[in-house]
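Model, not experiment: these values are computed from the prediction. Whatever order the structure lists ligands and atoms in, that order sets their numbers, starting from 1.
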Amino acid sequence: MTDPSINNSSRSMKILFACSELTPWIKTGGLADVCGSLPQALSQRGIDLSIVLPGYHTVLKNIPPPEFVSLVELPLGTITLCRSTLHDTEVLLINHETFSNRPGNPYMSDSDRPWPDNEFRFALFSQAICAIAQNQASLDWQPDLVHCHDWQTGLVPALLSLDATRPATIFTIHNLAYQGNVSLKAYNQLGLPDELLIQNGLEFWGQASFIKGGIAYADKITTVSPSYAKEITSKAFGCGMEGMLQHRNEQLSGILNGIDTDTWNPATDQHIDTNYNVDSLSQKSANKAHLQKHLKLRRDPDALLFGVISRLAVQKGIDLIVDAFSELQDQNIQLAVLGSGDSELQKKLQDLALANPDKIAVEIGFNEALSHKIEAGADVFLMPSRYEPCGLNQMYSHRYGTLPLVTQVGGLADTVIDARADKSMANGFVIDSANTLSLQRGIMRAIDQFKDQSTWITLQKNAMQVNYSWTESAAQYNHLYKQTVQMHTNI
Ligand code: ADP
Ligand code: GLC
């Protein structure tokens, strides 16, 4: 449905939205949630938008059979282009055996190793996106702009730059640490163009970098929060790309992610024990009791219950949580962790839970329902990330009146206001740095604050009233799309 309040001039803008994950079809993290909800908000602005996604096994197994469109011959092989629909938006599926024959995670095997042919898979995906972008896929449709997300689509702006009739391009960085770097030998074996392998192009410290394709060649670069957009031009956060990002700084901006406020709504959430809203906040405690029971934690309303839902990765500061909780055992605190990823971090967490079974519960795996129960049941949500491009869980937590405790980086710094600030705005706890001592101090502050229930409730209410809908961010993307198309047309 088109939002009637929105200006009609964008009605004819055609956007191809290229991504490698899409909630609810295939998800490893926040990228999927963003790609599953931003297009809806853009379509509501009257934009003619199609999503393009690999036809993974998991996707094809769970959706009605998609409609065949065409066979497309690409330099790396032949793909079958099909179309399906998600929330009234067209989804173009790139079908190839290297996608459809791999169940589970889109990038890794069951033994948590990246598929050895990932460079082939995502170079092929990128060639397919370029064919659609150039109206060479029998769709009779050419976008004005291709919006690419993360390294899996990084080659698209690079490959399109070789063609004078190309549409405009935007590349969004969701996480600069995942770069899709391959050896020069592998690059050459893929038969990709030599002329892109230059210092101001794909070449990256003796390798070829897919993400650098997006950074070097896209007409505009965005990232998912204003603070991360600034941070990544520095050595500390630039992951080796800071030079190129400084060089392209004028084309770089940060647009804060929104969230799907229907899926993450405590008033209607089907996964949680008792629904509540800002006016019936006292009902939240039933979800805490339910979570304690569900995870076999001690049933204690006075214990401050900390929640974590996370990829188990160094980025997320999981090691700091283990260290901090190991030393705070004399406090009346509990910890509920849901996560999957790094096996060493997993083991540390499990050992901690084994040693403190009524205070610490750890669930390993990907569990959508439990993630909602933790958001509703926890008092505090922990995210002591070393860096965080945006982060979605702190915003989900706000919606559920669960106060986030975060480091002052990226999107966390842009969304969480510390309890020491003006009480009419404060909505969480911000710690200065990602180390165990800072985290322990932050936890102690949360414990103290919890004793002052009336202020605690004020902070919860502030949190629940923040507007995280996509409306504002979609308007910013819409503006950037128009500006980029115009800039491209004038070249
Ligand atoms: P990132 O994309 O870096 O992992 P985000 O905070 O942007 O971090 O998004 C993570 C998303 O993945 C959230 O929707 C979160 O709830 C979800 N998530 C992460 N781990 C799990 C898990 N083990 N089970 C269910 N959902 C998870
Ligand atoms: C990435 C980032 C995360 C961000 C998400 C969606 O995975 O790590 O901070 O929220 O992408 O943009």
What verdict does the side chain to side chain donor-acceptor pair (under 3.5 Å) test give for D33 and T23, after you've listed the backbone C-alpha separation in whole Å, the side-chain angles of each residue and the deciding distance to 0.1 Å?
CA-CA 5 Å; D33 287 0; T23 296; 2.6 Å; yes
Carefully, step by step, assess K348 and D323 under the rule salt bridge (Lys or Arg N to Asp or Glu O under 4.0 Å).
CA-CA 9 Å; K348 281 187 181 173; D323 292 347; 5.6 Å; no
Could you go through D117 and R102, starting from their C-alpha distance and side-chain angles, then the distance that decides it, and tell me whether this counts as salt bridge (Lys or Arg N to Asp or Glu O under 4.0 Å)?
CA-CA 12 Å; D117 57 352; R102 314 270 171 89; 2.7 Å; yes
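Counting heavy atoms under 4.0 Å from ligand 2, residue V34 touches it through the side chain alone. At a heavy-atom cutoff of 4.0 Å, ligand 1 is contacted by both the backbone and the side chain of L392. Contacts between S310 and ligand 1, counted as non-hydrogen atom pairs separated by less than 4.0 Å, involve the backbone only.
Near R311, meaning under 4.0 Å from any of its heavy atoms, are these atoms of ligand 1: 1 (P), 3 (O), 4 (O), 20 (N). Close approach of ligand 2 to P389 is summarised as follows: ligand atoms under 4.0 Å from at least one heavy atom of the residue are 2 (C), 8 (O), 9 (O). Close approach to G339 involves these atoms of ligand 1, each under 4.0 Å from a residue heavy atom: 23 (N). Close contacts between ligand 2 and N257 involve ligand atoms 6 (C), 10 (O), 12 (O) [criterion: under 4.0 Å to a heavy atom]. Atom numbering of ligand 1 starts at 1 in the shown order; those under 4.0 Å from a heavy atom of D33 are 13 (C), 14 (O). Taking a cut-off of under 4.0 Å to the non-hydrogen atoms of G30, the atoms of ligand 2 that pass are 5 (C), 6 (C). Residue contact check: Y396 has heavy atoms under 4.0 Å from atoms 13 (C), 14 (O) of ligand 1. Under a 4.0 Å criterion applied to the non-hydrogen atoms of Q315, ligand 2 contributes the atoms 8 (O).
R386 pairs in a side-chain hydrogen bond (donor to acceptor under 3.5 Å, both in side chains) with only one of the listed residues (D319, T407, N435), which is D319.
Geometrically, ligand 2 and V224 share no nitrogen or oxygen pair separated by less than 3.5 Å. Taking distance alone, with nitrogen or oxygen atoms compared against 3.5 Å, K316 stays at or beyond that limit from ligand 2. Checking only distances, M383 never comes within under 3.5 Å of ligand 1, N or O to N or O.
By the 4.5 Å heavy-atom criterion applied to side chains, I443 and L405 are counted as neighbours. When side chains are defined from C-beta on, P54 does not count as touching Q152, because their heavy atoms never get closer than 4.5 Å. Looking at Y481 and M13, their side chains come closer than 4.5 Å, going by heavy atoms from C-beta outward.
When G365, S340, A177 are ranked by how near their heavy atoms come to atom 23 (N) of ligand 1, first place goes to G365. Nearest-heavy-atom check against atom 18 (N) of ligand 1 across I309, L412, I364 picks out I309.
For atom 9 (O) of ligand 2, the nearest non-hydrogen atom of the protein is E388 OE2, 2.5 Å. The nearest heavy-atom contact from the protein to atom 2 (O) of ligand 1 is G30 N, 2.6 Å. For atom 24 (N) of ligand 1, the closest heavy atom belonging to the protein is N367 N, 3.0 Å. At the top of the distance list for atom 7 (O) of ligand 2, counting protein heavy atoms only, stands H174 O, 4.2 Å. Nearest protein heavy-atom contact of atom 15 (C) of ligand 1 is N393 OD1, 3.1 Å. Among all non-hydrogen protein atoms, the one lying nearest atom 8 (O) of ligand 1 is K316 NZ, 3.1 Å. Closest to atom 21 (C) of ligand 1 among all protein heavy atoms lies F366 CE1, 3.5 Å.
Residues Y396 and E375 approach most closely at CB-OE2, 3.6 Å, considering heavy atoms.
Ring centroid separation for the pair Y56 and F99 comes in under the 6.0 Å cut-off. Taking the six-membered ring where the residue is Trp, the centroids of Y400 and F381 are separated by 6.0 Å or more.
Relative ring orientation between F17 and H147 is described as perpendicular, the plane-to-plane angle rising above 60° on a 0-90° scale split at 30° and 60°. A tilted orientation is assigned to the rings of Y107 and W151, their planes being inclined by 30° to 60°. Taking the six-membered ring where the residue is Trp, Y387 and Y228 present parallel rings, their angle staying beneath 30° rather than reaching 60°. Relative ring orientation between F429 and W456 is described as tilted, the plane-to-plane angle lying within the 30° to 60° band.
Ligand 1 has K27 within reach: a non-hydrogen atom of the residue lies less than 4.0 Å from it. Look at E363 and you'll find every heavy atom at least 4.0 Å from all atoms of ligand 1. For A313, the closest heavy-atom approach to ligand 1 does not fall below 4.0 Å. Distances shorter than 4.0 angstrom occur between a heavy atom of G391 and an atom of ligand 2.
Within the model, atoms OH of Y468 and CG of L256 stand 7.5 Å from one another, a figure rounded to the nearest 0.5 Å.
In this structure, D379 pairs ionically with K288, as a charged nitrogen and a carboxylate oxygen lie closer than 4.0 Å.
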